[in-house]
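Scroll down for the structure; my scribbles are underneath it.
Just so it is clear, the structure is predicted and the values come from calculations on it, not from any experiment.
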Amino acid sequence: MDADAGANRSVGTDADDGPDAQRWRAVLRGLDPHQREAVTTDAAPLAIVAAAGSGKTMVLTRRIARRVLDGSADARHVLALTFTRDAAGELRRRLRRLDIREHVETGTFHAVALRVLRDRAASTGTAPPSVAADRGRLIREVLTETRVRCEPGAALADLDWARARLVSPDDFVDQNRRVRRRPALSADAYATVLDRYTALKRRRGVVDFDDLLAGLLSEMRRDRTFADVVRWRFRHLFVDEAQDLNPLQHELLEAIRDGRPDICLVGDHRQAIYGWNGADPTTLLEVERVYPGVTVVALTGNYRCSPQIVRAGAAALSAARIADDTESRRADSASIRVVEATDEHDEARRVAALARDLSQRHGLRQVAVLARTNDQLEGLGRALTATGLPVARAVGASLLERTILEASRCTNRQQLAAWAEEVWASDEVAPIRSRVAEEVDRFLMSNEPGGFRAWVELRQPFDDLEPDDDGAVSLLTFHAAKGREWEAVIVTGVEEGLVPHSSATTAAQRAEEARLLYVALTRASDTLVVTWAARRRDVSGAPSAWLEAVAATIEVERPLPPPAVLRRTGAPPDPMAPLRDWRAAVARAAGVEARAVCTDQVLRGLLASPPRDTTEVARRLGLGLSAAERLAPRLLDLLDHQGRPGDVPA
């Protein structure tokens with residue numbers, strides 16, 4: 001059945017070409033069978049596991065539109081949550097293009113929490129939350145007052161990580177040790193800084209953005225009537241990038257859901273790269289355990305990347321024993337290139353020359369240079385600039401988002417007014433900067449308390465603007481590049497110590513590093529170059545163990561043997577096989593079917609993000625602690641070996 005026929009039948013007509021039929025055709029047009037299932041299924045709960053380039057945002061917005069059109073969801077009661085303002089704006093723009101005229105509540109977790117708390121304050125006649133304009137200034141004041149020696153950014157990172165993971169001050173050291181995280185603050189210093197930071201915010205009458213999530217969650221738990229109102233308001237839940245949920249966000253989401261099945265999670269466990277920042281990818285990795293009865297629809301077709309690039313990304317994951325079934329839906333492009341440099345200076349020169357050539361073929365905006373760490377960006381940026389190429393750095397976001405961030409960094413209203421005046425006085429014609437300056441002026445004229453960022457989160461004044469990137473080569477870290485795409489990408493520094501990073505010492509951390517490389521490689525649609533340096537900072541190095549597998553895909557058409565990391569008799573080993581054998585042995589001993597122990601989805605979750613200890617094994621497999629103590633040692637040993645390239649357990 002074609003899309004037009006499906007549209008007509010769905011609205012109950014045979015040949016009607018009225019507005020409803022046209023809207024239905026727009027919703028269903030061009031979908032492949034898997035995308036169509038994700039858009040049209042009535043299953044709930046629903047998890048859509050969307051590979052890189054598989055049309056995730058398109059499917060999410062069309063599913064919302066489909067449900068609004070057929071009446072199974074009321075637009076006024078839809079809540080679509082995502083993780084960046086850019087992504088939220090894109091969702092709203094796409095819904096408008098699908099002719100969804102009713103308001104759909106879309107935004108980041110923080111923006112939605114702020115709007116709900118502001119509405120509550122208005123209805124109760126209490127003071128609305130005022131978001132601190134400059135957290136850095138607050139934490140610097142706290143560090144000075146307490147005489148704790150720590151970089152402000154590192155101290156805030158500790159506070160944010162603990163809040164995201166719901167870690168109490170008493171558990172701060174143990175929880176950091178458990179995940180092998182290196183905090184900047186000692187236990188005593190953390191408790192002191194947290195206490196003073198909380199007290200300072202209270203004295204100033206301000207909150208930070210994580211306070212909004214915790215505050216909304218607390219209010220819902222304290223006031224049942226308010227909780228019922230929030231749940232009545234948000235009946236149909238959609239979560240984008242579900243693999244990036246942290247425990248605090250997940251608890252708030254579950255408080256809103258309150259056990260109701262009407263939830264749709266969209267994401268990709270292969271792109272779970274924020275574990276270091278408190279995210280817990282097991283919500284999506286083990287979605288069958290977290291949401292019993294969930295229907296999982298997998299989108300495996302990559303419409304962005306060429307077959308060569310898809311094979312390179314899959315090889316990076318496979319070398320780290322992570323399965324990937326993605327298939328390219330594109331025609332062939334040029335083979336990827338691997339470039340060896342003598343040192344980081346030679347690498348920077350080569351990268352600059354490559355970027356210049358690629359920009360002539362693809363245009364400046366369609367070229368990106370990516371690195372694992374911020375330190376690498378400095379030398380690369382100097383080399384690109386020396387070649388005469390304009391460079392866009394800052395953060396991995398649109399020009400609009402970077403401009404909003406720039407304005408938000410002003411620490412008081414006088415500075416903000418001066419920033420706007422400077423934009424207007426500039427000889428350079430910059431429409432987006434001028435538009436942000438106009439909104440700054442409206443904010444200042446309103447005399448509303450709080451900062452400019454909170455004003456933007458509440459009012460969403462830029463939704464009519466399409467994203468506009470600088471006419472420059474993008475220079476970003478792997479992390480900052482997530483969610484973006486270019487025709488040509490140069491991935492740099494793919495060598496031991498950087499990829500995987502030397503700080504990745506556990507199986508879970510190495511798995512996240514492999515996913516991070518996968519994200520970097522799959523940002524390219526047509527042209528991919530990977531570089532590494534034989535020496536860096538006067539220390540000899542070697543190519544990443546994963547680069548050998550990636551490089552082998554270049555010769556995929558030739559009958560060459562696989563790299564050592566994959567070399568076995570016959571086909572490359574299935575990384576799931578040892579885990580299935582373990583499950584079968586447990587099932588035989590217990591006298592039950594293998595599926596009763598756990599599903600393949602749970603096994604894949606364990607492989608992609610291994611549990612850290614017996615307690616986590618018990619939680620993720622739904623076992624009692626005594627049973628987990630018997631079963632966990634062998635399982636953890638298998639997972640630890642699976643995380644080591646070239647080392648498969650017997």
* **CZ/Arg260: more than 12 non-hydrogen atoms of other groups inside 6.0 Å** =>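 Atom CZ in Arg260 is crowded, with more than 12 foreign heavy atoms closer than 6.0 Å.
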Return the [atom1] to [atom2] distance between [X] and [Y], rounded to the nearest 0.5 Å.
X      : Y      : atom1 : atom2 : result
Leu253 : Leu217 : CG    : CG    : 11.0 Å
Ile48  : Gln35  : CD1   : CD    : 10.0 Å
Ser306 : Arg304 : OG    : CZ    : 11.0 Å
Leu284 : Tyr291 : CG    : OH    : 10.0 Å
Leu31  : Glu37  : CG    : CD    : 12.0 Å
Glu616 : Leu636 : CD    : CG    : 9.0 Å

Between [X] and [Y], what is the shortest heavy-atom contact and its length?
X      : Y      : value
Ala47  : Val294 : N-CG2, 3.8 Å
Val266 : Cys264 : CG2-SG, 3.9 Å
Leu621 : Cys598 : CD2-CB, 3.9 Å

* Distance-only donor-acceptor check, side chains Ser168 and Asp170, under 3.5 Å -> no
* Decide, yes or no, whether a salt bridge links Lys56 with Asp240 under the criterion of side-chain N to carboxylate O below 4.0 Å. => yes
* To do: May I have the step-by-step check of side-chain contact (heavy atoms from CB on, under 4.5 Å) for Ser503 and Arg180, ending in yes or no?
  => CA-CA 9 Å; Ser503 62; Arg180 299 191 189 180; over 6 Å; no
* Asked: When you look at Thr492 and Glu347, which way does the side-chain contact (heavy atoms from CB on, under 4.5 Å) test go after all the steps?
  -> CA-CA 8 Å; Thr492 67; Glu347 180 186 48; 3.8 Å; yes
* Worked verdict on Ile273 versus Lys482 for side-chain contact (heavy atoms from CB on, under 4.5 Å) -> CA-CA 9 Å; Ile273 60 173; Lys482 184 174 179 291; 3.4 Å; yes
* To do: Return the orientation label for the Phe83 and Phe109 ring planes: parallel under 30°, perpendicular over 60°, tilted otherwise.
  =>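 The arrangement is tilted - the two ring planes meet at 30° to 60°.
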* Specify whether His479 and Tyr274 have parallel, tilted or perpendicular ring planes, treating 30° as the upper limit for parallel and 60° as the lower limit for perpendicular. => tilted
* To do: Take Val49 and Arg270 through the test side-chain contact (heavy atoms from CB on, under 4.5 Å) and record every step on the way to the result.
  => CA-CA 10 Å; Val49 180; Arg270 288 154 294 202; 4.0 Å; yes
